[in-house]
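Hydrogens, waters and symmetry mates play no part in the numbers below; they use all other heavy atoms, side chains included. Each ligand, and each atom within it, is numbered from 1 in the order the structure gives.
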Amino acid sequence: MESTDAPGTTRNPGDVADVIVIGAGVIGLGIAWTAARSGRRVVVVDPAPGTGASFAAAGMLAAVSEYHYQEEALLGLMLDSARRWPEFAAAAGPDCGYLATPTLCLAADAADRQAFADLRAAQEAHGLAVQPLTVREARKAEPLLAPGIAGAFTIEADHQVDPRRLVAALLGRLGDDALVPARAASLAWDGGRVAGVVLEDGQELRAAETVVANGLGARDLGGLPVALPLRPVYGDILRLRVPEALRPLVTATVRGLVRGRPVYVVPREDGTVVIGATQREDGSGAVSAGGVYELLRDAQALVPAVAELELTETTARARPGTPDNAPLLGRVGNVPGLIVATGFFRHGVLLTPAAAEVCRQLLEGRTDPQWDSFRPDRFASQPARIPAVSAAERGGS
Ligand SMILES: Cc1cc2nc3c(=O)[nH]c(=O)nc-3n(C[C@H](O)[C@H](O)[C@H](O)COP(=O)(O)OP(=O)(O)OC[C@H]3O[C@@H](n4cnc5c(N)ncnc54)[C@H](O)[C@@H]3O)c2cc1C
């Protein structure tokens, strides 16, 4: 007997849930929680929730300040997600660490100021709101800024969230029963549809819909009908404690260009700051000494008192990059039972509410041509391949 509950959901005998989400980073948890809120039974599979890119992320919700030329479709998704953040955060609860602090952009010298002027012109051409400031005004708002900065402007709309607190909050909302602390080895197939996952120990979990949201780990998942062109883009990031006498170090998120190199300082509610983030594709997941040096040097060029903080943590993680920097988000061809949500690169925290909303609508059977730019199979030279036998029968991954 089949029963239908939430819109678009068909329950089959033997299913452990309506939806299985592989991966408990911000993306998987945002999708899982949104699906659960819309009435679905959800299970999340992850041996180590929140330990991937989401563990490192600064949590800037930087739709405007991270605008890049020729990424118009991505810009639309980023702005949509930024608009969704206040409601998403309110529903996730005050413990998710969302703050509506503005972003202050600083240029260290005249060349940096010119680079920012070009960026501002492009932002304004898209109707994005940026407010120029004099250096005097910037230093009045943030007294610990370096006296020698060459230019400043603010972006009121770019806020922040603490991704570690967000992960903990969403896990708490979902409840212990929703988490399966195991690694997914492969998708499970049944008669041409994805029927769930095969865990590393061979156990099969079944559901009407399976969402692949395990970040870079999706590269190694068995049974995918299409190759996912993900690549690791490593970043070093620092956490520092601000001594009482220097609090607040800054009140806004400070994003700077220092001799062409980007750096940011994100103030948290608990009196710490996050400084990031380098970007390298050299294949090493270890913290780079040169990266730490550059971040501290460039942050001090903007906020000299950074030298007086206590360095409490250095972390490196890989962002899940794609060839066009846009996510792999949506269904794969006509394959039933499968949604892919990975490749969120530099913007996964910002894009969490939008990704969750797209998946909610896909689960309800809706589509939108605006999402075509993010189709997971847009780089594939061949159509989606449906395995003839289940992945478990073929020996998993
Ligand atoms: C240094 C740095 C700074 C960043 N700063 C920002 C920022 O300020 N703003 C922003 O929006 N974005 C930022 N990002 C990007 C952001 O962190 C990522 O886009 C986002 O975290 C991706 O989330 P995710 O859930 O897709 O992946 P992840 O967080 O990597 O989560 C993937 C999860 O899948 C699990 N997993 C992997 N394989 C399997 C498997 N086979 N079975 C089960 N589970 C599995 C892992 O354990 C992990 O928990 C930053 C990234 C880095 C590295």
What protein heavy atom lies closest to atom 42 (N) of ligand 1? Include the residue and the distance to one decimal. A184 N, 2.9 Å

A cation-pi test, strictly: NZ or CZ of R375 under 6.0 Å from the centre of the six-membered ring of W371 and no more than 45 degrees from its axis. Yes or no? no

Heavy-atom distances under 4.0 Å are what count here, so tell me which part of F345 touches ligand 1: side chain, backbone, both or neither. backbone

Which pairs pass side chain to side chain donor-acceptor pair (under 3.5 Å) with one or both residues in residues 336-347, sequence neighbours excluded? E66-R346, Q279-R346

Tell me which one of P163, A218, G25 gets a heavy atom nearest to atom 31 (O) of ligand 1. G25

Protein contact to atom 47 (O) of ligand 1 [nearest heavy atom, distance to 0.1 Å]: D46 OD1, 2.9 Å

Cation over ring, R319 on F344, under 6.0 Å and within 45°? no

When distances are taken from atom 23 (O) of ligand 1, the protein heavy atom at minimum range is S54 OG, 3.5 Å

Which option out of A57, P327, G215 puts a heavy atom nearest to atom 4 (C) of ligand 1? A57

Among all protein heavy atoms in this structure, tell me which lies nearest to atom 5 (N) of ligand 1, with the distance rounded to 0.1 Å. A58 N, 3.3 Å

Is D220 touching ligand 1 with its side chain, its backbone, both, or neither, if touching means heavy atoms under 4.0 Å apart? neither

Considering non-hydrogen atoms of the protein only, which is the closest contact for atom 45 (C) of ligand 1, and what is the distance? N214 CB, 3.6 Å

Counting non-hydrogen protein atoms only, what is the nearest one to atom 30 (O) of ligand 1? Give residue, atom name and distance. A53 N, 2.9 Å

Using modelled atom types only, decide if a donor and an acceptor are shared between the side chain of T103 and the backbone of D158 within a distance under 3.5 Å. yes

For atom 11 (O) of ligand 1, what's the nearest protein heavy-atom neighbour? Residue, atom name and distance, please. L350 N, 2.9 Å

Cut-off 3.5 Å, no hydrogens considered: what does the side-chain donor-acceptor table look like for residues 289-299, sequence neighbours left out?
residue : atom : partner : partner atom : Å
D298    : OD1  : R261    : NH2          : 3.1
D298    : OD2  : R261    : NE           : 2.8

From the options R319, H347, R219, select the one whose nearest heavy atom is closest to atom 53 (C) of ligand 1. R319

re atom 10 (C) of ligand 1, the protein heavy-atom contact at minimum distance is R346 O, 3.2 Å

